[in-house]
Amino acid sequence: MAITGVRTPPQVHRFPQSKYIDAVRWLPPLSPLSKLAVLAIYDTDADSPSLETHSISLPASLTPHSQWTPPTRISSLSTSHQSLVAASTLSGSLHVLSSAMQVLLSVDENSGFHVGPISGVDLTGSECVSVGEDGRVNLVSVIGGGEFKRVYDGNGLVGFNCVKWASPTEFVTGGFGYGLQWWDLRRAGSGGPVLQFKGNFGSQGKASGMIHSVDIHPSRKHTCLAGGSSGTVFAWDLRWQQQSIVLSGVGTGEAVTHSLSESEVWEVQYDCHTKSSNISSSRVLPAMFCSEDGILAVVEQGEEPFELLAEPCAINSFDIDPQNPSDVICSLEWESIAIVSRP
């Protein structure tokens with residue numbers, strides 16, 4: 001079985017901080033002996049945000065490397081294999097930086113980019129996609145000097161919380177009502193998403209929850225992973241567009257699954273470290289999530305969930321190291337960084 005059975009507990013390395021950590025992401029390492037991570041930081045006492053890179057040498061070293069001060073608090077964070085960092089802000093601006101925290105481009109909130117906070121960004125080698133509660137979906141060319149293209153404008157009637165690229169021309173967004181939307185830039189003339197899904201995972205069948213995070217597996221772009229309200233983690237397979245596969249939380253009708261969390265799921269990612277007992281194309285591969293009630297866990301379709309970390313505070317975000325997937329970095333609400341090293 002993939003998730004059940006006796007498992008060796010992971011090692012947990014904690015690094016207390018003096019400021020609030022909004023988000024964390026791994027970056028390609030500076031050297032074989034150390035890791036590099038970027039942290040979105042907020043000093044609540046001074047009302048001062050910052051974006052910082054830190055080199056990490058386990059088990060006990062977290063060393064500041066570079067720093068940049070954004071105009072306002074960071075609302076979303078994304079990194080690319082090219083060591084680029086995309087950071088959006090609560091005021092509606094977007095910034096792309098190098099790993100040395102040198103600003104490569106900025107899109108100002110006064111340019112008509114977004115109205116209010118940008119809730120989600122995702123970065124590829126050449127383009128960054130951004131979404132907001134204002135219902136706007138924008139594309140920014142990394143090499144275009146900050147020029148952007150409006151893909152969609154919901155005019156405030158719809159809103160989006162998160163976004164993830166599936167291919168150079170396709171991405172998925174998530175928002176209110178457990179809704180997911182699939183976009184194809186090759187069919188941009190359609191005036192909206194080419195596919196839509198509205199879940200129904202709320203209490204007593206209500207669809208009042210929302211999606212906070214989405215992910216796409218690099219080898220199975222047809223399967224979208226999503227996490228949101230009430231501890232819900234599910235997959236949307238585009239081959240069966242009106243159905244969902246609930247991995248954690250309570251589904252509709254009799255589709256009740258085991259759940260380690262009943263609060264907001266802040267982030268989900270496919271977990272390439274955990275080996276599945278069934279790699280059939282019809283099954284969802286293992287996934288990881290973190291939650292408001294302090295849970296970091298691995299879930300897989302039809303299996304018992306496996307808890308990696310249980311904290312007395314919220315786990316705001318996490319990231320699986322693409323260079324070494326056994327290592328997971330987490331930001332804890334009580335001003336701390338935790339790195340979970342799995343055997």
Side-chain angles (χ1 to χ4, degrees), residues 13-110 113 117-123 125 128 130 140 142-143 145-146 266-267 313-323 327-339:
H13 313 275
R14 289 181 172 83
F15 303 92
Q17 305 294 301
S18 60
K19 303 172 185 176
Y20 195 90
I21 313 297
D22 285 317
V24 292
R25 289 290 181 267
W26 291 110
L27 280 166
L30 296 173
S31 71
L33 299 179
S34 67
K35 298 174 176 291
L36 188 66
V38 59
L39 283 57
I41 295 175
Y42 183 68
D43 187 335
T44 54
D45 295 329
D47 189 23
S48 174
S50 63
L51 190 66
E52 301 178 6
T53 56
H54 289 247
S55 58
I56 301 169
S57 298
L58 298 178
S61 175
L62 183 68
T63 306
H65 187 260
S66 303
Q67 179 178 329
W68 172 72
T69 301
T72 55
R73 190 171 183 175
I74 291 172
S75 58
S76 184
L77 190 64
S78 176
T79 57
S80 74
H81 297 303
Q82 293 82 12
S83 296
L84 298 180
V85 179
S88 64
T89 68
L90 291 178
S91 61
S93 64
L94 173 69
H95 311 270
V96 178
L97 305 93
S98 69
S99 60
M101 295 291 96
Q102 296 176 332
V103 178
L104 303 178
L105 68 87
S106 293
V107 185
D108 189 83
E109 59 267 27
N110 296 321
F113 189 51
I118 297 174
S119 52
V121 294
D122 194 33
L123 181 65
C128 183
S130 67
V140 178
V142 174
I143 59 176
W266 292 127
E267 188 148 20
C313 63
I315 301 179
N316 301 316
S317 74
F318 74 92
D319 197 24
I320 301 172
D321 188 351
Q323 309 290 331
D327 289 338
V328 184
I329 189 171
C330 308
S331 61
L332 310 183
E333 187 178 35
W334 287 359
E335 299 182 346
S336 182
I337 294 293
I339 297 179

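The figures that follow rest on heavy atoms only: side chains count, while hydrogens, waters and symmetry mates do not.
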Hey, are the side chains of [X] and [Y] touching, using non-hydrogen atoms and a 4.5 Å cut-off?
{"X": "Asp327", "Y": "Leu58", "value": "yes"}
{"X": "Ile329", "Y": "Asp321", "value": "no"}
{"X": "Gln102", "Y": "Trp68", "value": "no"}
{"X": "Leu84", "Y": "Leu97", "value": "no"}
{"X": "Pro64", "Y": "His54", "value": "yes"}
{"X": "Ile118", "Y": "Glu109", "value": "no"}
{"X": "Gln17", "Y": "Leu62", "value": "yes"}
{"X": "Leu104", "Y": "Val142", "value": "no"}

If you round to the nearest 0.5 Å, how far is [atom2] of [Y] from [atom1] of [X]?
{"X": "Ser55", "Y": "His65", "atom1": "OG", "atom2": "NE2", "answer": "6.5 Å"}
{"X": "Ser99", "Y": "Gln82", "atom1": "OG", "atom2": "CD", "answer": "11.5 Å"}
{"X": "His95", "Y": "Cys128", "atom1": "NE2", "atom2": "SG", "answer": "11.5 Å"}
{"X": "Ile74", "Y": "Ser88", "atom1": "CD1", "atom2": "OG", "answer": "8.0 Å"}
{"X": "Leu77", "Y": "Leu51", "atom1": "CG", "atom2": "CG", "answer": "6.0 Å"}
{"X": "Asp43", "Y": "Lys19", "atom1": "CG", "atom2": "NZ", "answer": "5.0 Å"}

Which pair of non-hydrogen atoms, one from [X] and one from [Y], has the smallest distance, and what is that distance?
{"X": "Met101", "Y": "Glu52", "answer": "SD-N, 4.5 Å"}
{"X": "Pro29", "Y": "Gln323", "answer": "CD-CG, 3.8 Å"}
{"X": "Asn316", "Y": "Trp266", "answer": "O-CB, 3.5 Å"}
{"X": "Ser61", "Y": "Phe15", "answer": "N-CE2, 3.8 Å"}
{"X": "Ile21", "Y": "Ser336", "answer": "CG1-O, 4.4 Å"}
{"X": "Phe113", "Y": "Ser130", "answer": "CZ-OG, 3.2 Å"}

Can a donor-acceptor pair be found, under 3.5 Å and without considering hydrogens, that links the side chain of [X] to the backbone of [Y]?
{"X": "Glu267", "Y": "Phe318", "result": "yes"}
{"X": "Ser331", "Y": "Val24", "result": "no"}
{"X": "Ser78", "Y": "Ala86", "result": "no"}
{"X": "Ser76", "Y": "Val121", "result": "yes"}

Assess, by modelled atom type and distance only, whether the side chains of Ser34 and Ser57 contain a donor and an acceptor separated by less than 3.5 Å.
no

The single option from Val96, Leu123, Val103, Leu27 passing side-chain contact (heavy atoms from CB on, under 4.5 Å) against Val85:
Leu27

